[in-house]
Amino acid sequence: MDENCIFCKIINNEIPSTTIYEDDDIKAFFDISQVTPGHTLVVPKKHVQDIFAYDEDLAERVFKKVPMIARAIKASNPKIIGMNICQNNGKIAYQSVMHSHIHLVPRYSNDDDFSMHWGDNTDLASNDELQARADKIKQNLEG
């Protein structure tokens, strides 16, 4: 635990939250911003800053619960027609709390005040450049 971390304080019940699921490994609670109704954060109880700090065991214990929680959120409201699941890592990637967390954002319509932009850079790299990138990544795979 990090005594200065807002999520660690929520996990320790030092700060109130609306919890929808909790077990030995995770706590799932409503994001205070409620980007859309039901916007939930899934947070490991172990303080890890981001995805780069997970080991295989922690990743398995945290991420295996996401589908169950997502299904429960979707089943709670017939107006939910989809869901964005986001996990941001580092300030450049919009991580605002440096305790790893997964956003489950229910989607109701194209006008529900949530959007993502995906740029199309299809023609910016040749097949050789793409293969060189892939080869570099493969060299760094663990296990």
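- Put simply, NE2 on H39 and CD on Q34 are 7.5 Å apart, with the number rounded to the nearest 0.5 Å.
- Atom CG of L124 is surrounded by more than 12 heavy atoms from other residues, nucleotides or ligands within 6.0 Å.
- The side-chain contact (heavy atoms from CB on, under 4.5 Å) test with F29 is passed by exactly one of T18, T40, L41: L41.
- Listed for the N77 side chain is a donor-acceptor partner under 3.5 Å among the backbone atoms of K79.
- Shortest non-hydrogen contact noted between Q131 and K138 is NE2-NZ, 4.1 Å.
- At a threshold of 4.5 Å between side-chain heavy atoms, the hydrophobic network of Ile, Leu, Val, Met, Phe, Trp and Tyr places V35 and W118 in one connected group.
- Within 6.0 Å of CD on E14 lie more than 12 heavy atoms contributed by other residues, nucleotides or ligands.
- The main-chain N or O of K45 is never found under 3.5 Å from a side-chain atom of H99 such that the two would form a donor-acceptor pair.
- Crowding of D113 atom CG: a count of heavy atoms from other residues, nucleotides or ligands under 6.0 Å not exceeding 12.
- Atom CG of D57 has more than 12 heavy atoms from other residues, nucleotides or ligands within 6.0 Å.
- Shown here are the side-chain contact (heavy atoms from CB on, under 4.5 Å) partners of R107, two or more places apart in sequence or in another chain: N84, V105, D112, F114.
- The side-chain contact (heavy atoms from CB on, under 4.5 Å) check on S126 picks up D128, E129, with sequence neighbours excluded.
- Around CG of D135, the count of heavy atoms belonging to other residues, nucleotides or ligands within 6.0 Å exceeds 12.
- Residue I32 places its CD1 atom among 12 or fewer non-hydrogen atoms of other residues, nucleotides or ligands, all under 6.0 Å distant.
- Atoms NE2 and CG, from H101 and D31 in turn, are 7.5 Å apart once rounded to the nearest 0.5 Å.
- Applying the 4.5 Å side-chain rule to ILVMFWY residues, one finds I20, Y21, I26, F30, V42, V48, F52, Y54, L58, V62, F63, V66, M68, I69, I73, I80, M83, I85, I102, L104, Y108 in the same cluster as I51.
- M98 is not listed as a side-chain neighbour of C5, based on a closest heavy-atom distance of 4.5 Å or more.
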- Message: If you apply the rule side chain to side chain contact (heavy atoms under 4.5 Å, CB included), what do you find for H103 with N88, and how did you get there?
- Response: CA-CA 9 Å; H103 292 265; N88 306 326; 4.2 Å; yes

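- The shortest non-hydrogen separation linking S100 to P44 is O-CD, 3.2 Å.
- In this structure, the side chain of Q95 engages the main chain of Q49 through a donor-acceptor pair within 3.5 Å.
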- Message: Let's go through S109 and D111 carefully: what are the C-alpha distance in whole Å and the side-chain angles of both, what is the deciding distance for side-chain hydrogen bond (donor to acceptor under 3.5 Å, both in side chains) to 0.1 Å, and is it a yes or a no?
- Response: CA-CA 5 Å; S109 74; D111 301 319; 4.7 Å; no

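- For NZ of K46, the number of neighbouring non-hydrogen atoms (other residues, nucleotides, ligands) closer than 6.0 Å is 12 at most.
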